[in-house]
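Contents: one structure, followed by commentary.
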Amino acid sequence: MSELPKVGIISCSGEDCPGGNISREATLRVLHDLRPDETVTICLPLFLAGGEGERGFAKRFPTITVDGCGKLCAAIGTARFSSKPTVEINLEDYDDFSSLKIEEKWHIQESSKDLVEKLANDIVNHVDEIRKISE
Amino acid sequence: MLIILSTKYVLPCAGYDRPGGKVSRLVVEHLQSLDDSITIGSIGALSSERPGEIKDLRSSKVVCIDGCSVKCASKLVEKHSARDFESIEVSVLTDMQDSTDDEKARTIADMVLQLLAATSTTVPKTIDTEHSEIDYMTEMIDKFILRIKKGLFYSDNDFWAQKEGGLVRIGISDLLQQMVSDVFFVDLADIGTHVEFGDELGAFESTKIAMEIITPLSGTVVEKNSILEDSPEFVNEDPYGKGWLYVIRPDDISELDLLKSANEYFAYGIEKAKHELGKKVSE
Amino acid sequence: MSDVKKIVIPCSGIGKAFGTVAREATYQLTETDHQSEYKTMCLPLLVAGDQEAIDLLKKSNVYTIDGCPKKCATLSVERIGVNVAMEVMVPKVLAQNTEHKPGSVLDIGRNGVLLAKDIVNKILEEGSD
Amino acid sequence: MSNEGGIGSTFMSVSREKIPWWPEVDTDKCDGCAGEFDCLKFCPHKVYRTVEGSPPHIEVENKFNCVVFCRACQKMCTKDALSFPEKSDILKIIKEVRST
């Protein structure tokens with residue numbers, strides 16, 4: 001069990017836009033498949049509602065927020081209730097964000113699979129970078 | 001539920017080598033004249049972990065006054081309490097550049113009083129059930145807070161047993177309830193059932209696993225917590241309280257010596273939690 | 001049927017399968033057969049205090065679907081001064097039919113979709129004003 | 001010594017290898033539940049593994065990973081192919097080891 005700090009990943013759970021679903025899918029990919037032992041799931045609604053464990057963690061460990069749209073609820077919420085996220089990712093910065101179709105909102109479509117992969121890999125790079133700095 | 005933390009605890013920076021430290025100490029003098037119910041924390045006592053100091057910190061609304069950007073007070077509080085707290089950094093309040101130390105101190109004292117009054121009315125800081133910190137041993141493992149209640153016996157199957165006169169009340173430990181996650185179904189055995197140590201005594205099911213209740217001692221069931229049948233979540237919310245399972249008339253109460261004490265279980269539980277908690281069930 | 005809008009807010013927590021089930025139920029209500037009647041809204045947006053979202057909520061019947069006893073959806077809605085017309089707790093619905101136990105948060109599976117359907121039926125039956 | 005179960009862990013302060021607690025599989029009865037392997041899917045401690053054949057069946061791979069006194073997998077088995085030692089015998093052994 002490496003002693004390097006784990007990284008908390010806080011994804012926006014937006015229901016009303018495709019971005020929310022994509023950031024959620026990419027985050028799950030990182031949490032469960034790509035970096036299961038190095039990352040910790042932080043559930044945004046519980047974090048905002050006052051989860052003591054979640055907030056305590058976010059204060060003491062590095063965090064990455066993944067926002068599905070420009071409103072940046074995950075980034076703002078994290079900064080407000082614990083400390084500024086180490087890395088803030090906004091899906092709108094990805095050029096194929098604008099081409100997302102409305103039905104992506106609920107189920108990942110074939111066309112956006114590579115965007116999910118791209119986002120997941122970016123998150124992984126950040127995770128590895130953060131853990132390397134604190135070596 | 002809204003957590004009403006009655007006592008107020010203010011921890012001033014103790015720096016003597018910088019102006020911020022001096023102002024912090026002035027603030028405290030003003031505070032004491034304005035509201036004598038405030039407990040003034042001591043950085044020395046907290047860093048040497050004086051039990052009384054830790055207890056006050058964890059059971060109060062907390063405001064730190066950091067003299068400068070090093071933020072010793074806030075960092076120390078973060079180290080000793082998982083609860084949320086407010087902090088004011090003297091050196092950041094640039095708009096009071098030209099006022100005297102005393103004027104700065106008065107303004108900050110008012111800010112502290114507002115924060116102390118405000119914290120109970122604004123968004124409740126934590127929604128987890130309130131536990132007075134005295135009868136629990138707690139440990140943070142990643143985002144999980146492990147709470148081991150003192151004065152109980154614990155089995156290696158993670159069930160607790162509590163002596164109540166000649167009877168013994170049993171339930172599941174906080175470690176087990178966090179490992180199994182949300183329990184949505186509890187099936188309790190009937191009153192009068194007799195079991196040997198380690199036998200099954202009913203079962204429960206959660207999103208992650210269906211599990212048997214493994215009795216931590218031999219005896220006969222004299223009481224069962226039937227509210228769990230329609231409120232199984234009590235097992236997660238309050239494993240040592242509302243979520244109790246059975247009361248047993250023990251065949252031989254000395255069997256409890258086979259179990260771990262709270263301290264032994266605390267060490268055992270932390271080790272086990274590091275492997276088990278946060279394990280991602282992704283299949 | 002009054003023209004008051006019906007808004008469904010799932011907790012959509014990412015930590016547990018029930019969060020995904022709550023999302024699936026919201027999808028079934030707002031995107032398939034009941035599209036005209038039910039809408040949804042981002043929960044985090046609400047908590048961030050987006051005034052437009054709060055005003056809309058105040059004029060609607062709000063249905064919350066919570067994945068676990070922490071009840072974040074219900075708590076967050078009540079905290080901005082809106083009372084909830086109907087609260088659904090996913091584990092309680094599952095307790096009535098343990099067959100429909102969902103898979104994992106990654107893939108709730110056929111049973112998870114059926115559980116979401118149970119939630120939808122519960123809202124349609126008991127929720128109609 | 002890790003307490004995650006398995007080699008090197010302890011149970012009631014007795015090292016796990018000294019406690020003869022693990023499931024026995026009756027290979028005549030076990031048919032791998034037509035490839036579903038319910039018990040294997042159910043047990044989070046990787047006690048079982050599958051064995052090819054017709055019909056396929058399961059066998060115990062890591063017997064010391066099995067949690068002492070836990071028989072939850074037995075209830076999953078529709079063919080009643082899993083059996084465990086008597087709990088009272090196991091308790092006797094634990095008590096003896098603890099008293100020496």
Side-chain angles (χ1 to χ4, degrees), chain B residues 1-3 118-130 141-145 172 174 177-188 202-211 226-239 241-243 276-283, chain C residues 11 13-24 43-44 46-49 54 64-82 87-109 111-112 114-116 118-119 122:
Chain B
M1 69 228 82
L2 190 60
I3 304 300
T119 34
S120 62
T121 48
T122 54
V123 166
K125 289 290 173 197
T126 158
I127 54 169
D128 303 305
T129 347
E130 165 57 8
I141 295 143
D142 291 345
K143 66 173 184 179
F144 299 96
I145 300 173
I172 91 171
D174 181 50
Q177 74 87 6
Q178 296 203 55
M179 273 159 47
V180 302
S181 183
D182 297 314
V183 174
F184 62 84
F185 179 69
V186 178
D187 173 21
L188 297 177
F204 59 88
E205 192 169 348
S206 76
T207 44
K208 287 187 177 169
I209 191 168
M211 237 184 106
S226 18
I227 1 167
L228 294 182
E229 258 124 33
D230 34 26
S231 307
E233 65 277 5
F234 285 174
V235 170
N236 294 109
E237 279 167 34
D238 194 5
K242 285 185 300 183
E276 298 287 334
L277 287 187
K279 222 180 187 173
K280 291 177 180 133
V281 179
S282 50
E283 77 282 6
Chain C
C11 83
I14 202 166
K16 295 171 181 153
F18 283 160
T20 316
V21 167
R23 264 175 75 84
E24 176 63 23
L43 176 60
L46 261 180
V47 182
I54 296 173
T64 56
I65 308 177
D66 279 305
C68 78
K70 293 274 164 63
K71 297 174 104 174
C72 304
T74 307
L75 259 173
S76 307
V77 168
E78 282 167 354
R79 231 176 259 149
I80 49 163
V82 174
E87 273 176 56
V88 177
M89 272 283 285
V90 176
K92 289 268 190 262
V93 178
L94 177 58
Q96 279 141 24
N97 182 349
T98 54
E99 292 295 312
H100 294 168
K101 186 171 173 185
S104 80
V105 63
L106 299 169
D107 172 16
I108 56 177
N111 284 337
L114 290 173
L115 176 57
D118 299 342
I119 294 168
K122 193 170 163 59

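Below, chain A is the first sequence line, B the second, and so on; all start at residue 1.
- Other residues, nucleotides and ligands place more than 12 heavy atoms under 6.0 Å from the CD atom of C:Gln96.
- Taking each heavy atom of C:Ala95 and B:Phe184 in turn, the nearest pair found is CB-O, 3.5 Å.
- For B:Ala210, the side chain to side chain contact (heavy atoms under 4.5 Å, CB included) partners at least two apart in sequence or on another chain are B:Glu205, D:Phe42.
- Listed by chain and residue number, C:Lys16 satisfy the salt bridge (charged side-chain N to carboxylate O under 4.0 Å, His left out) test with B:Asp182 (two or more places apart in sequence, or in another chain).
- Considering only residues two or more places apart in sequence or on other chains, C:Ala17 meets the side chain to side chain contact (heavy atoms under 4.5 Å, CB included) condition with C:Pro102.
- Using a distance-only test at 3.5 Å, with no hydrogens or angles considered, a donor-acceptor pair links the side chain of C:Lys101 to the main chain of B:Ser206.
- Contacts between residues 228-236 of chain B and chain C, counted as heavy-atom pairs separated by less than 4.5 Å, involve B:Asp230, B:Ser231, B:Pro232, B:Glu233.
- Only the side chain of B:Ser181 comes within contact range of chain C, with heavy atoms under 4.5 Å apart.
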